[in-house]
Amino acid sequence: LKIKNDNVGSKIIKELNCKIMFIGNTLIIDSSKIKYKTLNNENVRKIRGSYYLIGPLLYLFGKCEIALPGGCSIGNRPIDAHIDMLKTFGNNVEIKDNVLYVSKEKTLDEVIYSMTKNSVGASINAIICSALTNKTMLSGLVIEPEAIDVINFMKELGYEIISNHSECIIYNKVLFI
């Protein structure tokens with residue numbers, strides 16, 4: 001059983017020039033030819049969690065132009081926790097016509113940040129943005145299973161992460177050649 005966001009997510013991944021393939025219940029993504037593209041379109045507006053794309057796009061391309069989250073019948077999804085965090089990590093952030101524009105303004109060696117609001121998505125983006133610093137100390141995080149998955153993935157990539165229920169210290173020990 002595939003849920004709607006998975007199908008829309010697959011379309012968005014293809015828009016970034018990635019290839020996808022399902023083998024049984026496993027989604028395989030070939031991102032070897034990934035290319036930056038603005039994600040200000042109907043597919044992105046259909047999903048509630050478009051903000052989950054901000055961190056990876058910033059990490060890969062240093063910029064992000066993305067439609068604000070949609071797909072929610074109970075109303076708009078606030079992203080002020082994301083904006084506050086993104087600015088703390090040295091990004092220029094602007095919202096115009098329901099589109100979020102983020103660009104890397106400066107690279108910071110060290111970031112100390114305490115979340116201003118409870119937000120799983122902003123917590124995950126803070127963890128991902130930490131990959132662009134040498135050392136990050138985060139507090140007030142909302143560590144749900146999906147955040148634990150991101151932490152474990154980053155550890156597999158070589159980041160040293162010390163975490164508990166709401167705090168993380170992340171050291172960038174990854175060398176890209």
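Only a predicted model underlies this, so the values are computations on that prediction, with no experimental measurement involved. We're numbering straight along the sequence, starting at 1.
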Counting only pairs under 3.5 Å, give me each side-chain donor-acceptor contact of residues 83-95, with atom names and distances, residues two or more places apart or in other chains.
{"unit_1": "Asp84", "atom_1": "OD2", "unit_2": "Tyr113", "atom_2": "OH", "d": "2.5"}
{"unit_1": "Thr88", "atom_1": "OG1", "unit_2": "Asp84", "atom_2": "O", "d": "3.0"}
{"unit_1": "Asn91", "atom_1": "ND2", "unit_2": "Leu86", "atom_2": "O", "d": "2.9"}

Ignoring hydrogens, what is the shortest heavy-atom contact between [X] and [Y]? Give both atom names and the distance.
X	Y	result
Asn43	Asn41	N-OD1, 3.0 Å
Leu58	Lys104	CD2-N, 4.5 Å
Pro56	Asn125	CD-OD1, 4.3 Å
Ile170	Tyr159	CG2-CD2, 4.4 Å
Leu57	Leu39	CD1-CD1, 3.8 Å
Leu68	Val99	CG-N, 4.2 Å

Do [X] and [Y] have side-chain heavy atoms sitting under 4.5 Å apart?
X	Y	answer
Ile66	Ile54	yes
Ile127	Ile151	yes
Tyr101	Lys63	no
Leu60	Ile34	yes
Asn134	Glu110	no
Ile148	Glu144	no
Ile20	Leu27	yes

(request) Look at the aromatic rings of Tyr51 and His82 and report parallel, tilted or perpendicular, splitting at 30° and 60°. (result) tilted
(message) Let me confirm one number: the CG-CG distance from Leu157 to Asn152, rounded to the nearest 0.5 Å.
(response) 11.0 Å
(request) Report the distance from atom CG of Asp109 to atom CG of Leu132, rounding to the nearest 0.5 Å. (result) 12.5 Å
(request) Keeping the roles fixed (side chain from Ser50, backbone from Ala67), state whether a donor-acceptor pair exists under 3.5 Å. (result) yes
(request) Please check if the side chain of Ser123 supplies one atom and the backbone of Val142 the other of a donor-acceptor pair under 3.5 Å. (result) yes
(message) Pair Val44, Ile12 - check side-chain contact (heavy atoms from CB on, under 4.5 Å), show working.
(response) CA-CA 7 Å; Val44 177; Ile12 294 168; 3.9 Å; yes
(message) Assess the residue pair Ile124 and Glu146 against the criterion (side-chain contact (heavy atoms from CB on, under 4.5 Å)); give the C-alpha distance rounded to whole Å, side-chain angles, the decisive distance to 0.1 Å, and a yes or no.
(response) CA-CA 8 Å; Ile124 289 172; Glu146 56 268 38; 3.6 Å; yes
Do other residues, nucleotides or ligands put more than 12 heavy atoms under 6.0 Å from the [atom1] atom of [X]?
X	atom1	answer
Asn164	CG	yes
Phe153	CZ	no
Asn98	CG	no

(request) Go through the side-chain N and O atoms of Asn40 and Thr38 and say whether any donor and acceptor fall under 3.5 Å apart. (result) no
(message) Just to verify, what does Asp80 make a salt bridge (Lys or Arg N to Asp or Glu O under 4.0 Å) with, not counting sequence neighbours?
(response) Lys117
(message) Please identify which of these residues, Lys37, Lys35, Lys33, meets the side chain to side chain contact (heavy atoms under 4.5 Å, CB included) condition with Leu16.
(response) Lys37
(message) Please enumerate all residues that pass side-chain contact (heavy atoms from CB on, under 4.5 Å) together with Asp149, with sequence neighbours excluded.
(response) none
(request) May I have the step-by-step check of side-chain contact (heavy atoms from CB on, under 4.5 Å) for Leu141 and Cys168, ending in yes or no? (result) CA-CA 8 Å; Leu141 298 173; Cys168 267; 3.8 Å; yes
